[in-house]
Number of protein chains: 4
Amino acid sequence: MTGEAPTRVFLKLSTEKQQRIIKEAIHEFSRYGFHRASMNRLVERLGIAKGSLFQYFGSKEGLFQFVFDRCVSMAKDALRKIKSGNSGDASFYDKIRATAWAGIKFARENPEVYGLYLRLLFQEDFPLRDSLIRKLHIFSAEYLKHLILEGIERGEISPEIDVSTAVFFLDAVLDRFVQAYFVEFWDAESGIFRAEDEVLQNKIDNLVKIIARGFKGYNSES
Amino acid sequence: MTGEAPTRVFLKLSTEKQQRIIKEAIHEFSRYGFHRASMNRLVERLGIAKGSLFQYFGSKEGLFQFVFDRCVSMAKDALRKIKSGNSGDASFYDKIRATAWAGIKFARENPEVYGLYLRLLFQEDFPLRDSLIRKLHIFSAEYLKHLILEGIERGEISPEIDVSTAVFFLDAVLDRFVQAYFVEFWDAESGIFRAEDEVLQNKIDNLVKIIARGFKGYNSES
Amino acid sequence: MTGEAPTRVFLKLSTEKQQRIIKEAIHEFSRYGFHRASMNRLVERLGIAKGSLFQYFGSKEGLFQFVFDRCVSMAKDALRKIKSGNSGDASFYDKIRATAWAGIKFARENPEVYGLYLRLLFQEDFPLRDSLIRKLHIFSAEYLKHLILEGIERGEISPEIDVSTAVFFLDAVLDRFVQAYFVEFWDAESGIFRAEDEVLQNKIDNLVKIIARGFKGYNSES
Amino acid sequence: MTGEAPTRVFLKLSTEKQQRIIKEAIHEFSRYGFHRASMNRLVERLGIAKGSLFQYFGSKEGLFQFVFDRCVSMAKDALRKIKSGNSGDASFYDKIRATAWAGIKFARENPEVYGLYLRLLFQEDFPLRDSLIRKLHIFSAEYLKHLILEGIERGEISPEIDVSTAVFFLDAVLDRFVQAYFVEFWDAESGIFRAEDEVLQNKIDNLVKIIARGFKGYNSES
DNA sequence: CATGAATGAGAATTCATTCAT
DNA sequence: CATGAATGAATTCTCATTCAT
């Protein structure tokens, strides 16, 4: 009916309670996806009244959006951390390596958040899916674009390259790389799935070699 | 013993009826995924008795497997067609272009089959999901590997390249390319989504340029 | 509608086919009871058309009655065999022992027929149950009554005994004895369940001792 | 973990509502047995929502177990009442008479509970059937054994008797006696079915006479 | 503001029976 | 007379949401 945020009540709860609810909600959505997730089950695990959850978030959809926004924030924070962690004199290719590692680490440390992302990609048809995913992708595309422009300025990337194609390229390969680490069936050929750090480092080096040549025309890896 | 195919009954129906049922089933699964797809809804749209569908396929899962197998066959046929359509003296890069186009065309001509594939990718709680996806990926990975080895033999690809990384690379970029053409939210940056053929041709050329340099070290496109 | 026997068609089939159908039907009813038995399953196991079964017997109920009548005949034949097998000079108590053994043997040799009898007793509420069971019990009561009257004549049983009570007594104990041999949970105390022949013989002797004293007032076992 | 009793919700309802639900559930199970009993029908008769019944008991099986446990409690209470009602100087045979009467009375006062017991006896495909029946039989066998041992001590029963056979005997005859009072088809010969109290008294006396002689060797009834 | 019992539409699946071929 | 595809009511069970307390 009214567009007012029904989360006002929720935000008055103690931080511990808020966090427990968010944590269990992520768990539920990550495990079952949006439609198969059960408010009944969630409420039982939380040990709170069913009515309360609806008072806090209005509906299952409201809860999901709230929870997903939190996840996006976590992902953005992680990306910002790499950005700021990149020393000014690191090469474009070092930064790509660092980004690949950051993706793996984020998904390792937040497996359920990452699982939620995977589920969201193709599996579920619920309202606002597109806008939610866009929130993520605009952020990541901007980050990659920034990296590429910087690389061109520094002369590490050919100035003749089509920037949007390059962004698409990086996005596809990096996204798939993290997926291949976490999703077994996508590893049929590559040996990335839950590989040791050394193996991953080697894979990343090989990928960056190809990207480097592709973007520049000559070998520029360290 | 009683393990005989429960589709025996179905296969005796008139071809028209069979095809109508398959078509509507693909539609249903493609739109709603496995769990949210409704046998009730499907039966109502088909105008047949609920019991009939269960007589044909035994269960919702049985119907899904049957339908999915059909889709896999269609996809394999499409890939075989490219394979056989590739003239012997076409370069590796021509073949990559042809493959990208074939992907777009297949998805254009069978949007719901392609939609079903997208849905299947990340759904965890799914009957036989892993084996189904493997069926597809083994086929596509072998095809790409074959192309790459041929390219190395012909001297179009550097012999020092790591083959599994190259396969991973091609798979990721081509898969994502077709996805970006069909799924709006993945096009934030690239302008691929439902683009005109000329634009697509241009995008494909740009991609192949980068791949070519990355795989070889010098520009080898026609 | 009409009371005509629809089994006319069935009885024209080859003896082998008739017997196979009866055998599998007994199996189905014995395993699942009347209501849970499935004509679909039965027809599939038989490999004949579903319509045929209905042509032969009109309905599930018709099939059951036909099958059950056959079982009753088998039981009657078994009882008649004991009757005729009893030599004229065997004592009443010898005959009781023989009857107990005959019950065990019949159930051993026709476990599914006996299973059907057990199921029928209390489990199922279908039309004509009472009359079907009566068919059996009138026969068995008459047999026991005959035995008792003979025993009184021969002076093996007190003439003051209440005959109907004695019949009730024998019926209860013998019936329960065979049940305890076949139904595990009724053996909590007695050790009869699937006991060796020697143990059974011993149990029978003990029972007959008590019956003998109860019917006569003095010990008359061999 | 989540194994807490799902009847928590049910037990908070008003006593009247609880009792109405239990009463109608016993009625349904008693009339139709477990598998043929219908939650739909039950809910309709109760005039409550389908979901409520499942919230109370989790499943049809859960409802059955709850209801059956109640019935077992009622039966145990009845037996305890006889036990405590037996004055210390009553003879073994008086106690047997009292037990037979108690059985008749219990079944008269709780015809549907007794009907449920009868249904349970032979149904094979039943959740927890064996353990449920054992619950009952252990209780009754112990009671009878206790009576018999007491009778031997008091010199009312021959010390040479085989106790387990005697228990089996009493159990069979008493169980069948109550059954014959309630189930028409088992009365073909005895005239027990729904007989007047005087007739029953007579029948019981006759039975006890035979038991008495059988257990002792001489007439010991009052 | 918290509670949690009540709701009832909707899900997948089964099955005896019919009837056109 | 045999066949077996079609039927559709009935089954158990789930779940987001509401609202009186």
Side-chain angles (χ1 to χ4, degrees), chain A residues 8-10 12-13 32 34-44 47-63, chain B residues 8-10 12-14 17 32 35-44 47-63, chain C residues 8-10 12-13 32 34-44 47-63, chain D residues 8-14 17 32 35-44 46-63:
Chain A
R8 189 169 44 86
V9 182
F10 175 71
K12 280 190 194 161
L13 298 177
Y32 296 101
F34 176 74
H35 287 294
R36 304 256 297 166
S38 161
M39 297 293 265
N40 288 355
R41 200 165 31 205
L42 177 54
V43 135
E44 192 160 343
I48 66 173
K50 207 179 300 188
S52 296
L53 216 57
F54 282 86
Q55 212 150 29
Y56 300 154
F57 304 103
S59 67
K60 190 185 185 181
E61 201 178 311
L63 170 60
Chain B
R8 184 171 43 86
V9 180
F10 176 71
K12 282 186 192 161
L13 299 178
S14 74
K17 192 165 184 181
Y32 297 102
H35 288 292
R36 298 259 301 164
S38 161
M39 298 294 265
N40 284 357
R41 200 165 31 202
L42 178 52
V43 138
E44 197 161 337
I48 65 173
K50 208 184 300 191
S52 296
L53 215 55
F54 283 88
Q55 201 166 25
Y56 300 155
F57 304 102
S59 66
K60 187 183 184 181
E61 198 176 318
L63 170 59
Chain C
R8 187 169 45 86
V9 182
F10 175 71
K12 280 189 192 161
L13 297 176
Y32 296 102
F34 176 75
H35 288 292
R36 303 255 298 166
S38 162
M39 297 293 265
N40 288 354
R41 200 165 30 205
L42 177 54
V43 137
E44 191 161 342
I48 66 173
K50 208 179 300 189
S52 297
L53 216 55
F54 282 85
Q55 212 150 29
Y56 301 153
F57 303 104
S59 67
K60 189 185 185 182
E61 200 177 313
L63 170 59
Chain D
R8 185 171 41 88
V9 179
F10 177 71
L11 296 172
K12 282 187 192 162
L13 300 177
S14 75
K17 192 164 184 182
Y32 295 102
H35 288 292
R36 298 259 301 163
S38 162
M39 297 294 265
N40 283 356
R41 200 164 30 202
L42 178 52
V43 138
E44 197 160 340
L46 284 168
I48 64 173
K50 207 185 299 192
S52 296
L53 215 54
F54 284 88
Q55 202 168 23
Y56 300 155
F57 304 103
S59 65
K60 188 184 184 181
E61 199 176 317
L63 170 60

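Please read these numbers as outputs of a predicted model, since none were measured by experiment. These values consider heavy atoms only, across backbone and side chains, with no hydrogens, waters or symmetry-generated copies. The sequence lines fix the lettering, A, B, ..., with proteins before strands; numbering per chain opens at 1.
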Under 4.0 angstrom, heavy atoms only, what part of the nucleic acid is I48(A) near: base, sugar-phosphate, or nothing? nothing
For atom [atom1] of [X] and atom [atom2] of [N], their distance in whole Å:
X      : N       : atom1 : atom2 : answer
L53(D) : dT14(F) : CG    : P     : 13 Å
H35(D) : dA10(F) : NE2   : P     : 21 Å
R36(D) : dA16(E) : CZ    : P     : 11 Å
F54(C) : dT7(F)  : CZ    : C1'   : 13 Å
R41(D) : dT11(F) : CZ    : P     : 6 Å
L46(D) : dG8(E)  : CG    : P     : 15 Å
Y32(C) : dT14(E) : OH    : C1'   : 13 Å
F57(A) : dT17(F) : CZ    : P     : 14 Å

[X] to [Y] - nearest heavy-atom pair and separation:
X      : Y      : result
I48(D) : L53(D) : CD1-CD1, 4.0 Å
S38(B) : R41(B) : OG-N, 3.0 Å
K60(C) : H35(C) : NZ-O, 3.0 Å

Atom pair OH/CG of Y32(D) and L42(D) - distance to nearest 0.5 Å: 11.0 Å
Rounded at 0.5 Å granularity, tell me how far CG in N40(A) sits from CD in Q55(D). 7.5 Å
Has [X] got a side-chain N or O lying under 4.0 Å from the OP1 or OP2 atom of [N]?
X      : N       : value
K17(D) : dA6(E)  : yes
N40(B) : dA11(E) : yes
Q55(A) : dA2(E)  : yes
S52(A) : dA2(E)  : no
K60(C) : dA16(E) : yes

Among dA12(E), dA5(F), dC13(F), the one nearest any side-chain atom of Y56(B) is dA5(F)
What's the closest nucleotide to the side chain of A49(A) if the choices are dT3(E), dA6(F), dC15(F)? dT3(E)
Mate of dC15(F) where both pairing distances stay under 3.5 Å, Watson-Crick or G-U: dG8(E)
Re dT21(F): Watson-Crick or G-U wobble partner, both distances kept under 3.5 Å, found to be dA2(E)
Residue whose closest nucleotide on DNA chain F lies nearer the 5' end, G51(B) versus S38(D): G51(B)
Contact nearer the 5' end of DNA chain E, comparing A37(C) with M39(B): M39(B)
The residue, G47(A) or K50(D), whose nearest nucleotide of DNA chain E is more 5′ is G47(A)
Determine whether a donor-acceptor pair (N or O, by modelled atom type, separation under 3.5 Å) exists between the side chain of K50(D) and the backbone of M39(D). no
